[in-house]
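Just below is one structure, and these are the notes that go with it.
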Number of protein chains: 2
Amino acid sequence: MATGRTHRPATRSRGIPEATVARLPLYLRALTALSERSVPTVSSEELAAAAGVNSAKLRKDFSYLGSYGTRGVGYDVEYLVYQISRELGLTQDWPVVIVGIGNLGAALANYGGFASRGFRVAALIDADPAMAGKPVAGLPVRHTDELEAIISDNGVSIGVIATPAGAAQQVCDRLVNAGVTSILNFAPTVLTVPEGVDVRKVDLSIELQILAFHEQRKAGEDADPAASAAAAAATSAAAAAVATPPPVARTATGAGGGKGPDGDVPAVMPA
Amino acid sequence: MATGRTHRPATRSRGIPEATVARLPLYLRALTALSERSVPTVSSEELAAAAGVNSAKLRKDFSYLGSYGTRGVGYDVEYLVYQISRELGLTQDWPVVIVGIGNLGAALANYGGFASRGFRVAALIDADPAMAGKPVAGLPVRHTDELEAIISDNGVSIGVIATPAGAAQQVCDRLVNAGVTSILNFAPTVLTVPEGVDVRKVDLSIELQILAFHEQRKAGEDADPAASAAAAAATSAAAAAVATPPPVARTATGAGGGKGPDGDVPAVMPA
DNA sequence: ATGTCTTTGTGAACGCGTGCACAAAGATGG
DNA sequence: CCATCTTTGTGCACGCGTTCACAAAGACAT
């Protein structure tokens, strides 16, 4: 899972809770898999297991969409696939632009899940003139100068930012100005956008750090109870590494070339 | 932001709420930037703005860590950087393995933010024998056969899965068996793991679908009030595309090669 | 030393999300 | 047509997270 939830104050979109919206894609994926196996119906219990959620939660989620189930039987797979697709707006094709065709941008461009899921890569955009015209994933990379024209000509409303952090806000501003109202941001920066524009963030660094926190806690639990027998042999090595670091002078204020920076590389991309 | 939050039932880790833990990396990044500019102190207001959150929320978050601020002045940047780093477990180096060196895996391997942030890529692992030995980001790709040995030898407790969905669960099982207790999953699958193992998911598809939902809602608002003047000219094109799709027979159950699949490609990776 | 001004730390209220548990709905068999 | 059994849909309670608003703490000037 990625991080960041730069949403508007949660304007309960049309009665469907944000938390539910975030799970609909999960249900849709599970349902699509069932559909491929020609399974006609599923119970909330089965589908919930496949999606990795609680069955009560799933039923409540579906109740926001309407009563699409049949008591005693379950849900019609095909029908539900359609209903959720419609609710998510996947019955139409969303043109998407990807800005920043580095390692990550290229990986995104090559992602096969776009077309089959209601999305279409309208253009790949990069600031490097040397990249211009070079084909990536079958599309010629366009130069940043053309950004506004591309957005406008294709009616693009969703943009993906895979640039270094330093360029992200500027790219974001241009996208928004050109008419983009939804942005998926892979750059490790907080984007400032006007009211009405949605931003979602995907950040490898943050995810890893959250994992590290829990990892440390696990190791600490094994070590804290005064030399309790190391539970799992596998964790012992990590646990041993938990040493008390040198305390920093509380009052030491002045200058400070702190830790190595990283704020300028995209969340997932070589420098 | 990515999606998925496959956490244990929220065992309020050592008194620090999950929501707070998820924001600490954000604060840390903002603080690191300030540190580089040799800013000695920040107020909760300034830091909150830089991190894109509410100042009250930030103060409450910090209160869980202890009282590290000075009333009337603010927070000592260097000290706070150290405290948060320590809390997140970044004062030690976490060896990480990346499994699945496709387009995305390579992008992750090249990510420069690892070393400077408390993480170190211990090894790149791929199932393709042809990849074995090939250098990616300065490291030779190792074959899957060596997975267990690599984990064990390096004391790896964090694994990144960037394989196709079909292989993800199997890889996951092997990682867990070898001693990995934290997993960052880029494959579009629900991973099943034993108690005590943390999984975080990053899924491009889900993020885009959530954006599409809100995008559709925006378009609908402009269109619903009976031909209200199209607010932004930019959205008019998209709004026009919102047509009522053909209803699916409610009872049509039988077989059904539904929509194009995609469940077998990693969240971000070419087929 | 005293007063003023800034900023933290937190008590309390509120709202969202989750999960339990059950009644209602419908299918199925006799 | 009736009884039974399965599964949905939801009322309700609980807990987490967010936000407001303010008292306490300290810096700073006089």
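Chain identifiers are assigned alphabetically (A, B, ...) following the order of the sequence lines, protein sequences preceding nucleic acid strands; residue numbering begins at 1 within each chain.
Following rounding to the nearest Å, Ile16(A) (CD1) and dC16(C) (P) show an atom-to-atom distance of 15 Å. The nearest whole Å value for the distance from the CD atom in Glu18(A) to the P atom in dT18(C) is 12 Å. Going from atom CG of Leu65(A) over to atom P of dG9(D) covers 10 Å, rounded to whole Å. Summarising the geometry, the separation between NZ on Lys57(B) and P on dG15(C) is reported as 16 Å, rounded to the nearest angstrom. Atom-to-atom, CZ of Arg23(A) to C1' of dG19(C) comes out at 12 Å; the value is rounded to the nearest Å. Taking atom OH of Tyr68(B) as the reference point, atom C1' of dG9(C) lies 14 Å away to the nearest angstrom. The CZ-P distance, from Arg59(A) to dA24(C), rounds to 16 Å in whole Å. Atom CD in Glu45(A) sits about 13 Å away from atom P in dT6(D), given to the nearest Å.
Here Ser43(B) does not reach the OP1 or OP2 of dT7(C): none of its side-chain N or O atoms lies under 4.0 Å away. Between Asn54(A) and dC20(C) there is a side-chain polar atom (N or O) within less than 4.0 angstrom of OP1 or OP2.
For Tyr68(B) and Tyr75(B), the distance between ring centers is not under 6.0 angstrom.
Nearest to the side-chain atoms of Val73(A) among the listed nucleotides dA27(C), dG17(C), dC20(C) stands dA27(C). The side chain of Tyr75(B) has dG9(C) as its nearest neighbour among dG19(C), dG9(D), dG9(C). Of the candidates dA21(D), dA27(C), dA27(D), the closest approach to any side-chain atom of Thr70(B) belongs to dA27(D). The side chain of Arg71(A) lies closest to dT7(D) when the candidates are dT7(D), dA24(D), dG17(C). Taking the side chain of Lys60(B) as heavy atoms from C-beta on, and the options dT8(D), dG17(C), dT19(D), the nearest nucleotide is dT19(D).
Here the shortest heavy-atom pairing between Ala22(B) and Ile206(A) reads O-CG2, 4.1 Å. Closest heavy-atom contact between Glu78(A) and Asp76(A): N-OD1, 3.1 Å. The nearest pair of heavy atoms linking Thr32(B) to Val81(B) is N-CG2, 4.2 Å.
We find the CD-CG distance between Gln83(B) and Leu65(B) to be 7.5 Å, quoted to the nearest 0.5 Å.
No contact: Phe62(B) has no heavy atom under 4.0 Å from any strand.
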